Amino acid sequence: MNHDLYRLCAVMARGMFGNARSAIDVGSYIGGLLCEFDWIEDRVASDINSKVAPHWSHVTDVKFVAGDAFEIEFPEPFDLVISNQTVEHLDRPAEFIEKLMSLGRGLIVSTTYEVPAGTIDGHVQDPISFEKFSSWFPCELDAWTICHHPTARHLKHIIGVVKQSHPAVVKKWRRKVRLSATPAHG
């Protein structure tokens with residue numbers, strides 16, 4: 001949590017989602033960002049890599065779920081969805097962010113910023129400019145910030161936020177509620 005990125009994500013989550021009752025961190029790996037959100041009652045860390053499960057066994061107030069978060073059935077949408085340092089590894093980041101938005105009402109996504117291609121193994125999206133990052137979202141960002149890495153000052157990160165009150169999110173959830181309330185025809 002001494003990392004500028006984690007501290008800023010935690011501050012943004014508290015300030016913009018202070019009334020959240022549930023949250024999921026998709027692609028959590030062994031990062032403990034969600035552990036810092038102690039005001040949120042129901043917290044789920046999820047990673048497709050089941051080998052990281054033992055790293056979560058001692059964390060009693062965060063439930064770890066191994067597997068693809070988009071294939072797991074959750075009882076209801078989360079108030080906050082987080083994805084920290086995952087999207088830069090994916091070939092289709094816009095699809096990933098759209099899926100993240102389907103899991104909940106608010107979203108915080110972070111990734112590397114303007115890191116030259118090939119600098120970090122596994123990063124298929126670098127370099128990521130603000131324009132590239134924001135183009136992955138199906139709506140405008142409600143907030144964003146850029147910060148430096150605490151030890152490798154030449155590296156930067158960007159954090160983007162879509163709030164629960166964003167018109168695109170409200171419209172999506174109203175449509176889902178209408179569709180789920182529509183009686184089935186047989």
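Owing to the predicted nature of the structure, the values given are computational and were not obtained by experimental measurement.
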* To do: For side chain to side chain contact (heavy atoms under 4.5 Å, CB included), just list the numbers for C139 and V162, CA-CA rounded to whole Å, side-chain angles, deciding distance to a tenth of an Å, and then say yes or no.
  => CA-CA 8 Å; C139 56; V162 176; 3.9 Å; yes
* Asked: Where do C147 and Y113 land on the side chain to side chain contact (heavy atoms under 4.5 Å, CB included) test, with the steps shown first?
  -> CA-CA 9 Å; C147 63; Y113 179 73; over 6 Å; no
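- With V87 as reference, V109 is the one residue of V109, T112, I128 to meet the side-chain contact (heavy atoms from CB on, under 4.5 Å) rule.
- Taking a 6.0 Å sphere around OH of Y29, one finds it holds 12 or fewer heavy atoms contributed by other residues, nucleotides or ligands.
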* Run the side chain to side chain contact (heavy atoms under 4.5 Å, CB included) check on W136 and Q125 step by step: do they pass? -> CA-CA 11 Å; W136 298 336; Q125 294 299 327; 3.6 Å; yes
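- Test V44, I82, I108, V81 against D25 for side-chain contact (heavy atoms from CB on, under 4.5 Å) and you get one pass: I82.
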* **CA sep, side-chain torsions, deciding dist, call: C35, V59, side chain to side chain contact (heavy atoms under 4.5 Å, CB included)** => CA-CA 8 Å; C35 297; V59 181; 3.8 Å; yes
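- Looking at T119, its side chain never comes within 3.5 Å of a backbone N or O of V115 through a donor-acceptor pair.
- Residues K132 and D126 are not paired through a salt bridge, judged by the lack of any N-O separation under 4.0 Å between the basic side chain and the carboxylate.
- Ring planes of F133 and F137: perpendicular class, angle over 60° (limits at 30 and 60°).
- Contacts classified as salt bridge (Lys or Arg N to Asp or Glu O under 4.0 Å) and involving residues 40-56 (residues at least two apart or in different chains) are given here: R21-E41, R43-D61.
- Using a distance-only test at 3.5 Å, with no hydrogens or angles considered, no donor-acceptor pair links the side chain of T111 to the main chain of Q85.
- At least one donor-acceptor pair under 3.5 Å links the side chain of D79 to the backbone N or O of S22.
- Note on ring orientation: taking the six-membered ring where Trp is involved, the planes of F130 and W144 are tilted (angle from 30° to 60°).
- Under the 6.0 Å cut-off for aromatic ring centres, F70 and F96 qualify, their centroids lying closer than that.
- Transitive grouping of hydrophobic side chains (ILVMFWY, heavy atoms separated by less than 4.5 Å) keeps I48 and F64 in distinct clusters.
- For the pairing with L107, the side-chain contact (heavy atoms from CB on, under 4.5 Å) check across V26, I97, V161 returns one residue only, I97.
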